[in-house]
Every structure is written in C-alpha cells, then in structure tokens.
Protein chains: 2
Amino acid sequence: MVVTPRNTRQRRAVAAILEDLEGFASAQEIHDLLRHRGESVGLSTVYRNLQALADAAEVDALRNDEGETLYRQCSTGHHHHLVCRACGRTVEVEGPTVERWADGVAAQHGYVDIAHTLEIFGTCGDCAR
Amino acid sequence: MVVTPRNTRQRRAVAAILEDLEGFASAQEIHDLLRHRGESVGLSTVYRNLQALADAAEVDALRNDEGETLYRQCSTGHHHHLVCRACGRTVEVEGPTVERWADGVAAQHGYVDIAHTLEIFGTCGDCAR
DNA sequence: GGTCGATTTGACAATGATTCCCATCCGCGT
DNA sequence: ACGCGGATGGGAATCATTGTCAAATCGACC
Ligand SMILES: [Zn+2]
Ligand SMILES: [Zn+2]
Ligand SMILES: [Zn+2]
Ligand SMILES: [Zn+2]
C-alpha cells in the first residue's frame, strides 16, 4: 500500500519555497529562506522533506563542487541542467543524442543497468556582466 | 618559477598504489592499501598527495553518490568514465559530439566559462554474471 | 659526510554538511 | 473529541575532509 505523507505546515512551507525558487538551492539556504519568511521550520525537517521530495522525483537534486546537495523543482521526465555557478539560475536541457550515446557506449563494453549524470556549469549572462 | 615537489617515500608510495589500481578508489581505501602493503602513510598525507596529483591533472577525481571523492590514474586529455557500480572497473570514453553539444547549448543561453560533468554508471559484464 | 632552510609529514583537533535520536507534537481517520 | 502513528525539532553523533603545528627529512651546497 502506498504511504500517504501527512499535510503538515512544514511540508507545505518547504514546497512553497521550492515553487518560488528560480534555480537550485541547498537545504540550508532553504532553511534560511523559510526563517526569513516567518515560516520557521527545523533544519532536520527541511532535510527530511527535501529528501522525501527527491525520492518521490518531485524535485531534482545534484551536488555542487563543494559537496553540498542542491534541490530544485523541475519539469518531469529525464533532463539535464545548465547551472550558473554564481546565482544558481538554471536552464533545463535535453539531449536525446547524449542519451543514446551513453547507452550505446555502455552496452558496447558489456555494461548493463546503465545510468548517467550530466550537468553543465557556467556563468550566466547577467552574472558575467 | 615552477615549484619542484620533493620526492618523499610517502609520495612515491601513493603514486605506486595508483599505478596498480584498476578503477577508482577513495583516499581512505588507498590509505588502507598502503597500510596493508607495509608502506604506512598518514591519512592527512594521503589526502594531500592525492589532491596535489589531482591539481596537477595526473589523476582524475570524481564524487560518488555517497559524497566521497574517488581517484584514479587516467590517460591525459579530456574524457569521461564508464564505471561499474559493483567493482569500480572503469573504461575511459570520449564523446566529441557531447562536448560540442554541451558547449553549444550553454552558449545559446548566454552562459560563458563552461564546464561539464558526465559519468556513466552501470554493472559490468562480470559483475552482472 | 655534514649543515641548514624550506617542505613535508602525521597525530590530533576542527569543520561542515548531513543523519540519528527520541521526547513531544499533531494530522487525520474514527 | 479521541487516539495512534507519522512528523517534528534540536541537540548529539557521524563522517569525509581540512587545519594546525611541532618534529622529521629532502636536497642543495659545502
Ligand atoms: Zn548567474
Ligand atoms: Zn540524460
Ligand atoms: Zn564490475
Ligand atoms: Zn566532456
């Protein structure tokens, strides 16, 4: 049977923040944003809810080069990200050719159960000035 | 002027381990391997030397999904990896098309100073049995 | 081989993100 | 309104990695 998560104030608050965010943000950034909104939520709870959302594939998660996990509400379906290093602004991109290439090269070497990670990082036009 | 690193026993030992390794390994795994070889090296020193090697582009580094940094002695030049989840066996792969696609899509959106990460994970033929 | 200064080492403390723990709270079906 | 099991929170714990700094040691020069 499917577990039905409870509709708590905290869960709603985290979801609301993600709705408003442009790009990726860390759990701690989201925690701060919540506090500044007056909708204070415990840090543990922010982590838990973000992870739950990520597990449910309702948000995307990726790790930046500092090792932090960043979260963002994305469109459904498989896609990748073009992320601004400075402000986090994100563009979702698709690359059917890349998908085929990755699967093909893995199969050629006898690998099965294939997955891949692909992220593009850069500095967006505004941040580059 | 170029800094000339000193040729210490510890640096040699770390380099030797990397020579012998098939796939990627974490700093702590390498530290253990060194200990078992009898060439004991302080953990801090292992970290320092691995980072130095990575900075000098003599080894590749990537983060696994547990957040650990893994190191491997690779061929020179830009390439990506097809890594077995079970045993770490790694195949270096190149995808010129992917490189062009990534740069192109980033430029289209006005991003500059572009970099990307791309790793393929799977289960190798042996491990799949 | 011996001297000496600059690097490197290593044991330990410190950091920082994330997870664990657990007493308390509260959404929700009855 | 009641009661229960999931949810919360805040402080401790974890864990990879980095910082500290006195002691060890390269390696250049005599
Ligand atoms: Zn930007
Ligand atoms: Zn893809
Ligand atoms: Zn394998
Ligand atoms: Zn590439």
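Letters go in sequence order (proteins before strands), and every chain restarts at 1.
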Task: side-chain N/O Thr69(B) vs dA16(D) OP1/OP2, d < 4.0 Å - done: no

- [ ] Take the protein atom CG of Leu50(A) and the nucleotide atom P of dA17(C), then report the distance between them rounded to whole Å.
- [x] 15 Å

Task: Euclidean distance, atom OH of residue Tyr47(A) to atom P of dT14(D) [Å, nearest integer] - done: 18 Å

- [ ] Please tell me which of the listed nucleotides, dA17(C), dT17(D), dT9(C), lies nearest to the side chain of Thr8(B)?
- [x] dT9(C)

Task: Donor-acceptor pair between His81(B) and Glu119(B) side chains, under 3.5 angstrom - done: yes

- [ ] Map Gly67(B) and Arg12(B) onto DNA chain D by nearest heavy atom, then report which one ends up closer to the 5' terminus.
- [x] Gly67(B)

Task: side-chain N/O Gln51(B) vs dT18(D) OP1/OP2, d < 4.0 Å - done: yes

- [ ] Give a yes or no on whether a salt bridge exists between Asp32(B) and Arg37(B), defined as a side-chain N under 4.0 angstrom from a carboxylate O.
- [x] no

Open item on the list: Output the rounded distance in Å from CG (Asp32(A)) to C1' (dA17(C)).
Closed with: 14 Å

Task: Whole angstrom value for the distance that separates C1' of dA17(C) from CG of Asp65(B) - done: 17 Å

TODO: Assign the ring pair His116(B) / His80(B) to parallel, tilted or perpendicular, where the plane angle (0 to 90°) is split at 30° and 60°.
DONE: tilted

- [ ] Could you verify whether a donor N or O on one side chain and an acceptor N or O on the other, from Glu19(B) and Gln73(B), lie under 3.5 Å apart?
- [x] yes

Open item on the list: Taking the basic N atoms (NZ, or NE/NH1/NH2) and the acidic carboxylate oxygens, is any pair closer than 4.0 Å for Asp126(B) and Arg89(B)?
Closed with: yes

Task: Pairing of Glu92(A) and Arg72(A) as salt bridge, 4.0 angstrom limit - done: yes

Task: Pairwise 5' ranking along DNA chain D for Leu70(B) and Arg35(A), keeping only the more 5' one - done: Arg35(A)

TODO: Can you tell me the distance, in whole Å, between the CD atom of Glu66(A) and the C1' atom of dT18(D)?
DONE: 14 Å

Task: End axis versus end axis in the helix from dG1(C)-dC30(D) to dT30(C)-dA1(D), the angle rounded to 10°, five pairs used at each terminus - done: 30°

Open item on the list: Is it true that Thr45(B) and Arg48(B) share a donor-acceptor pair across their side chains at a distance under 3.5 Å?
Closed with: yes

Task: Selection from dG10(D), dA16(D), dT9(C) that lies nearest to any side-chain heavy atom of Gln10(B) - done: dT9(C)

Task: Glu68(A) and Arg63(A) ion-paired at < 4.0 Å - done: no

Open item on the list: Checking contacts here: which listed nucleotide (dT19(C), dG27(D), dA11(C)) is nearest the side-chain heavy atoms of Ser44(B)?
Closed with: dA11(C)

Open item on the list: Is the phosphate of dT8(D) approached by Asn49(A) (side-chain N or O, under 4.0 Å from OP1 or OP2)?
Closed with: yes

TODO: Could you pick out which residue, Arg48(A) or Leu43(A), lies toward the 5' side of DNA chain C when each is mapped onto its nearest nucleotide?
DONE: Leu43(A)

Task: Residue Thr45(A), side-chain heavy atoms: nucleotide from dG9(D), dC28(C), dT17(D) that is nearest - done: dG9(D)

Open item on the list: Using OP1 and OP2 only, check whether a side-chain N or O of Arg63(B) sits under 4.0 Å from dA17(C).
Closed with: no

Open item on the list: Let's see if you can work this out: which of dA6(C), dG27(C), dG10(C) has an atom nearest to the side-chain heavy atoms of Arg6(B)?
Closed with: dA6(C)

TODO: Among the candidates dT8(C), dT18(D), dA7(D), find the nucleotide nearest to the side-chain atoms of Pro5(A).
DONE: dA7(D)

Task: Closest to the Arg11(A) side chain, choosing from dT8(D), dG27(C), dA11(C) - done: dT8(D)

